[in-house]
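Right, one structure below, let's go through it.
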Amino acid sequence: MISAASDISSPVGVIAGGGAMPFAVAESLSQRGIAPVLFALRGACDPVRVGRFRHHWISVGQLGRATKLFRSEGCRDLIFIGTLLRPALSEIRLDWGTIRVLGRVWAAFRGGDDHLLSGIGRILEQDGFRMVGIRDVAPDILMPEGNIARAMPDPAAVADIAKGRQVLGALGPFDIGQAVVVIDGHVVAVEDIEGTDGLLARVARLREAGRIRAKSGRGVLVKAPKSGQDLRFDLPAVGAKTIEGAARAGLAGIAVIAGHTIAAEAQAMIEAADSAGLFIQGLPA
């Protein structure tokens with residue numbers, strides 16, 4: 001992917017799902033003098049926080065309405081950001097703009113999340129829009145390389161990180177998850193449809209049930225983009241909630257790929273890690 005960062009046009013359309021990330025992107029754009037317009041996805045985007053920005057509400061399946069709004073606002077550049085529960089096709093209320101390209105929408109749904117987002121992105125690009133990524137519009141919210149909390153990984157954690165990267169590299173082509181927990185060389189859990197928060201909650205339950213015998217303070221959550229992933233869509237993300245989940249799971253820290261992972265509300269994340277004694281490491285890509 002060729003970076004579009006040098007030629008981003010204002011305003012930028014932010015197709016906003018759930019969580020803090022859409023607002024972090026919007027604030028980053030505003031600070032750089034680029035106007036954000038949020039296209040808030042019903043049932044996902046925070047209705048209170050979105051009120052701080054110029055915005056419109058759209059529903060999944062309303063490609064026709066969405067493209068008209070993009071054009072009316074003058075948004076050539078668009079970014080998908082935020083969490084979204086993957087809907088079933090039967091749950092989507094289609095408008096005529098979506099029906100017109102239904103075959104391509106159906107093809108996009110027949111795969112994992114990265115396949116879905118990149119497929120919808122291609123449909124929008126064929127309509128004259130340009131899909132951009134976090135590196136283009138808000139590089140300041142990406143994870144830097146190195147350790148950003150006070151704690152440091154010990155040799156056991158370093159070995160767990162290396163194994164976690166190997167596992168994610170092997171799983172990437174199957175488009176099933178972006179995170180794994182490794183404890184003392186053992187792969188104890190892999191991210192699935194429940195996401196990273198669910199993954200960490202599962203590890204905590206396994207510890208409570210005695211299925212994980214390693215003492216608390218060992219093991220690492222490792223997150224990385226899937227191999228071959230279009231880096232404009234669905235980058236891994238971490239935040240204070242991730243750190244809280246890792247602490248409850250009894251881990252030593254988290255490790256993510258620098259430059260390819262969103263660090264939402266980074267200061268709160270660092271404070272949570274320092275309070276819990278966990279490390280946060282940005283790994284070289």
| field | Step-by-step side-chain hydrogen bond (donor to acceptor under 3.5 Å, both in side chains) determination, Lys223 to Thr261 | value | CA-CA 8 Å; Lys223 296 194 71 167; Thr261 304; over 6 Å; no

| So do Val238 and Met269 actually touch side chain to side chain, heavy atoms under 4.5 Å? | yes

| request: Report yes if some heavy atom in the side chain of Gln281 is under 4.5 Å from a heavy atom in the side chain of Pro153; otherwise report no. | output: yes

| task | Give the C-alpha distance, both sets of side-chain angles, the deciding distance and a yes or no for side-chain contact (heavy atoms from CB on, under 4.5 Å) between Val181 and Val220. | result | CA-CA 6 Å; Val181 171; Val220 182; over 6 Å; no

| What pairs with Arg49 under side-chain hydrogen bond (donor to acceptor under 3.5 Å, both in side chains), at least two apart in sequence or on another chain? | none

| query | So Phe129 and Phe70, would you call those rings parallel, tilted or perpendicular, with 30° and 60° as cut-offs? | reply | perpendicular

| note | d(Arg52 CZ, Asp46 CG) to nearest 0.5 Å is 10.5 Å

| task | Find out whether Ile81 and Val14 are in side-chain contact, i.e. whether some heavy atom of one side chain is under 4.5 Å from a heavy atom of the other. | result | yes

| request: May I ask you to test the Arg54-Leu38 pair for a side-chain heavy-atom distance under 4.5 Å? | output: no

| message | Clusters formed by hydrophobic residues whose side-chain heavy atoms approach within less than 4.5 Å: which one holds Val158, and what are its other members? | response | none

| task | Taking only Lys NZ, Arg NE, NH1 and NH2, and the carboxylate oxygens of Asp or Glu, determine whether Glu125 and Arg232 approach each other closer than 4.0 Å. | result | yes

| field | Backbone of Phe53 reached by a side-chain donor or acceptor of His55 within 3.5 Å | value | yes

| query | Given the rule in the side-chain contact (heavy atoms from CB on, under 4.5 Å) test, do Ile34 and Val137 qualify, once you have shown the distances and angles that lead to the verdict? | reply | CA-CA 9 Å; Ile34 300 171; Val137 301; over 6 Å; no

| request: Determine the minimum heavy-atom distance between Val12 and Cys75, stating which atoms define it. | output: C-SG, 4.1 Å

| CZ (Arg42) with more than 12 external heavy atoms under 6.0 Å | yes

| query | To the nearest 0.5 Å, how far apart are CD1 in Ile254 and CG in Leu278? | reply | 8.0 Å

| Is the closest side-chain heavy-atom distance between Arg65 and Ile58 below 4.5 Å? | yes

| query | So do the side chains of Trp57 and Val50 get within less than 4.5 Å of each other, counting heavy atoms only? | reply | yes

| Intermediate values then yes/no, salt bridge (Lys or Arg N to Asp or Glu O under 4.0 Å), Arg130 and Asp7 | CA-CA 11 Å; Arg130 181 172 65 166; Asp7 135 326; 2.7 Å; yes

| request: For residues Thr196 and Gln178, determine if any side-chain heavy atom of one lies less than 4.5 Å from a side-chain heavy atom of the other. | output: no

| request: Apply the test side-chain contact (heavy atoms from CB on, under 4.5 Å) to residues Val180 and Leu199: give CA-CA distance (whole Å), side-chain angles for both, the deciding distance (0.1 Å), then the verdict. | output: CA-CA 8 Å; Val180 62; Leu199 166 69; over 6 Å; no

| field | Residues Met131, Phe233; criterion side-chain contact (heavy atoms from CB on, under 4.5 Å); working and verdict | value | CA-CA 9 Å; Met131 303 308 302; Phe233 308 116; 3.9 Å; yes

| query | When Phe80 is tested against each of Val132, Ile15, Leu41 for side chain to side chain contact (heavy atoms under 4.5 Å, CB included), which residue passes? | reply | Ile15

| query | Any salt bridge between Asp127 and Arg122, counting N to O under 4.0 Å? | reply | no

| message | If the condition is side-chain contact (heavy atoms from CB on, under 4.5 Å), which residues does Glu194 pass it with, not counting sequence neighbours? | response | Asp192, Arg202

| field | Min side-chain heavy-atom separation Arg248-Val203 under 4.5 Å | value | no

| message | Test your reading of the model: is there a side-chain donor-acceptor pair from Asp77 to the backbone of Ile8, 3.5 Å cut-off? | response | no

| message | Looking at every heavy atom in both Cys45 and Ala16, which two are closest together, and how far apart are they? | response | CB-O, 3.5 Å

